[in-house]
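The structure under discussion appears below in the form of C-alpha cells.
Note on naming: letters A, B, ... go to the chains in the order of the sequence lines (proteins, then strands), and numbering restarts at 1 for each one. Quick caveat, the model's predicted, so the values are computed rather than measured.
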Protein chains: 2
Amino acid sequence: MIRVMIAEDQALLREALAALIGLESDIELVGTAADGAEAHRLIRQHEPDVVLTDIEMPGMTGLELAALMKREQRRTRILIVTTFDRPGYLRRALESGVAGYLLKDGPSTALAEAVRKVAAGERVISPELAHQAWSEDDPLSDRERKLLRLAEAGLDSGAIAEETGLARGTVRNYLHAAISKLGAGNRIEAARLAREKGWL
Amino acid sequence: MIRVMIAEDQALLREALAALIGLESDIELVGTAADGAEAHRLIRQHEPDVVLTDIEMPGMTGLELAALMKREQRRTRILIVTTFDRPGYLRRALESGVAGYLLKDGPSTALAEAVRKVAAGERVISPELAHQAWSEDDPLSDRERKLLRLAEAGLDSGAIAEETGLARGTVRNYLHAAISKLGAGNRIEAARLAREKGWL
DNA sequence: GAAGCGATATGACAGCTGTCATGTGCGACA
DNA sequence: TGTCGCACATGACAGCTGTCATATCGCTTC
C-alpha cells in the first residue's frame, strides 16, 4: 500500500485530487494540508511515501518542501503537480530534488501512475516537459532577478535603491544588465520575458 | 436527477471534478469538454441542467458560453468555477448571465451544493466574493485600458503610438489619465493595479 | 603574487516619461 | 443653439531611464 499525502492550497482541487486518489485500491491517502507549514508537520507525523503538492503555496513552496525533505533525510518523496509549464520552473524543481513534476494539463490517469513510479524510486516528468529540461539557462544573477522583481511591481530606480540599500546608479546598472541579457528594450519587457521563462 | 456537464481545459482538474461529482447520488455527469467549442457542441446534444466551467478556456470563455446560452434561450445554466477572485471578473460574469460563481478556494462540499441550487434556479456566489459585487467600478475608458495593456507588455510610448495610430503625446496623455485615476506612480504600477482589480 | 572576475559605485548624455496648460473638432443633450 | 464632455492633439519642462566609460574592493584561480 502506497501512503500518500496531498498539500495544495485550493480546497476544491485538494479534495478533488483526494477523490481521484481514493479511486485507486493500492494507494492510501494519509492526510491533506492547505499550506507548506501544515504539510511539513503532517509529514513528520505520518511519514508518507509520496507528497502531492503544488509549487506555489502559502508559507512554503513545494520546492522548499522538497529541499527540506533532503536536508532532513526523509524517505518521503515530493511529486509536484502544477500548472506552471515555464522552462525555469522544471529546472529549479529538479535542482530542489523533487521526485516528479506533473502538469495539471495531463490526463488524470497519469497521476496514479506517477505516484506509483515515484513511490518505487523512479523519477517522473510530464512528457510535454521532458525536452525542456535542456532548455535555455537562466542568465540572470540573484541581484538582477531581485531588482527586476521590484521594477516589475512599479517601483522606480530611486525606490528600488532605497528598498535594497544600493545606490540609484547601481540599480540602473543591474537593470541594464538584465535588459541586455534578455534582449529586451526596457525593464518592463525584461521583467515580462523573464517571467515567461520562469526565471522570476 | 440533476444532469451536469464539465467544461475545463486542465485534464487533471476536469477528471478530478468528475470524480467529485461522481460521489453524489443525485447528480449525473453527462459529458466533459476540454474547450469552449466542444462544450457548446455537447450542450446542444445533451441539454444538461448545469455546466461547470472555468472562465479561461481555449476557444470560448465560460462567460461567452453563458451569453450564448441566453441568446439561444437554452435552459442550461452556467456555473463558473475559477481561481480568479478579482472584483472585475465577478461583475463581468454576472453581466454575462452566469447562474453561479464559485472559487476553487472554497470547500468541495460547496460544489455539489452549488450545483443543486443552480439546478433549482437559484443564483450562487462564493461567500468570499458576495461583498465584491458592489465593489469599485472600473474607472478606465476603453482606450486607457487598451494602452495600459500595451504599456504592460513593455512597449514604449512611441511603439504604442505606432500600434494604435495615435500621436505619441496622446498616448502619454491617456496613460497619464490612467495613472492618475488609479492613484499609481507610473504606468507599470497602474497596469499592475488595474490587473489586480480585474480591469485589464 | 598577478590576473581576472563580480559587486558596487560615479558621472555624463540622449532619449523617454509624467505632468500640465492649452487647443480643436465632434456628438449628445437640454 | 449653446454648452458640455470626450477623443485627440501640441508644446514645454523636470525628472527618470537606458547606455556607456570608468573606478574601487574583495575574492578566486592559476
Are any non-hydrogen side-chain atoms of A:Met5 and A:Thr32 less than 4.5 angstrom apart? no
Length of the line joining A:Asp142:CG and C:dT8:P, which is rounded to integer Å: 11 Å
Salt bridge (Lys or Arg N to Asp or Glu O under 4.0 Å) against A:Glu72, all qualifying residues, sequence neighbours excluded: A:Arg74
Can you tell me if B:Glu47 has over 12 outside heavy atoms packed within less than 6.0 Å of its CD? yes
Below 3.5 Å, can you tabulate the donor-acceptor pairs from side chains in residues 9-19 of chain A to any protein atom, sequence neighbours excluded?
{"residue": "A:Arg14", "atom": "NH1", "partner": "A:Glu8", "partner atom": "O", "Å": "2.9"}
{"residue": "A:Glu15", "atom": "OE1", "partner": "B:Ser108", "partner atom": "N", "Å": "3.2"}
{"residue": "A:Glu15", "atom": "OE1", "partner": "B:Ser108", "partner atom": "OG", "Å": "2.1"}

Could you identify which residues of residues 162-175 of chain A place a heavy atom less than 4.0 Å from some atom of DNA chain D, listed by residue number, or say none? A:Arg168, A:Arg172, A:Asn173
So which one's nearest nucleotide on DNA chain D is more toward 5', B:Arg143 or A:Ser157? B:Arg143
For atom CD of A:Glu162, decide whether the heavy atoms of other residues, nucleotides or ligands shown that lie under 6.0 angstrom number more than 12. no
Please find the earliest and latest nucleotides of DNA chain D, in the 5' to 3' direction, that have an atom within less than 4.0 Å of any heavy atom of chain A. D:dC16 to D:dC20
Would A:Leu148 and A:Trp199 show up in the same hydrophobic cluster when neighbours are defined by side-chain heavy atoms closer than 4.5 Å? yes
Check step by step if side-chain contact (heavy atoms from CB on, under 4.5 Å) holds for A:Thr61 and A:Leu65. CA-CA 6 Å; A:Thr61 69; A:Leu65 203 55; over 6 Å; no
Would A:Arg143 and A:Thr170 count as having a side-chain donor-acceptor pair, cut-off 3.5 Å? no
Please output the side-chain donor-acceptor pairs of residues 50-60 of chain B that fall under 3.5 Å, not counting sequence neighbours, one pair per line with the distance.
{"residue": "B:Thr53", "atom": "OG1", "partner": "B:Ala7", "partner atom": "O", "Å": "3.1"}
{"residue": "B:Asp54", "atom": "OD1", "partner": "B:Thr82", "partner atom": "OG1", "Å": "3.1"}
{"residue": "B:Asp54", "atom": "OD2", "partner": "B:Lys104", "partner atom": "NZ", "Å": "3.4"}

More than 12 heavy atoms of other groups within 6.0 Å of B:Lys181 NZ: yes
For the helix from C:dG1-D:dC30 to C:dA30-D:dT1, what angle lies between the axis at the first five pairs and the axis at the last five pairs, to 10 degrees? 30°
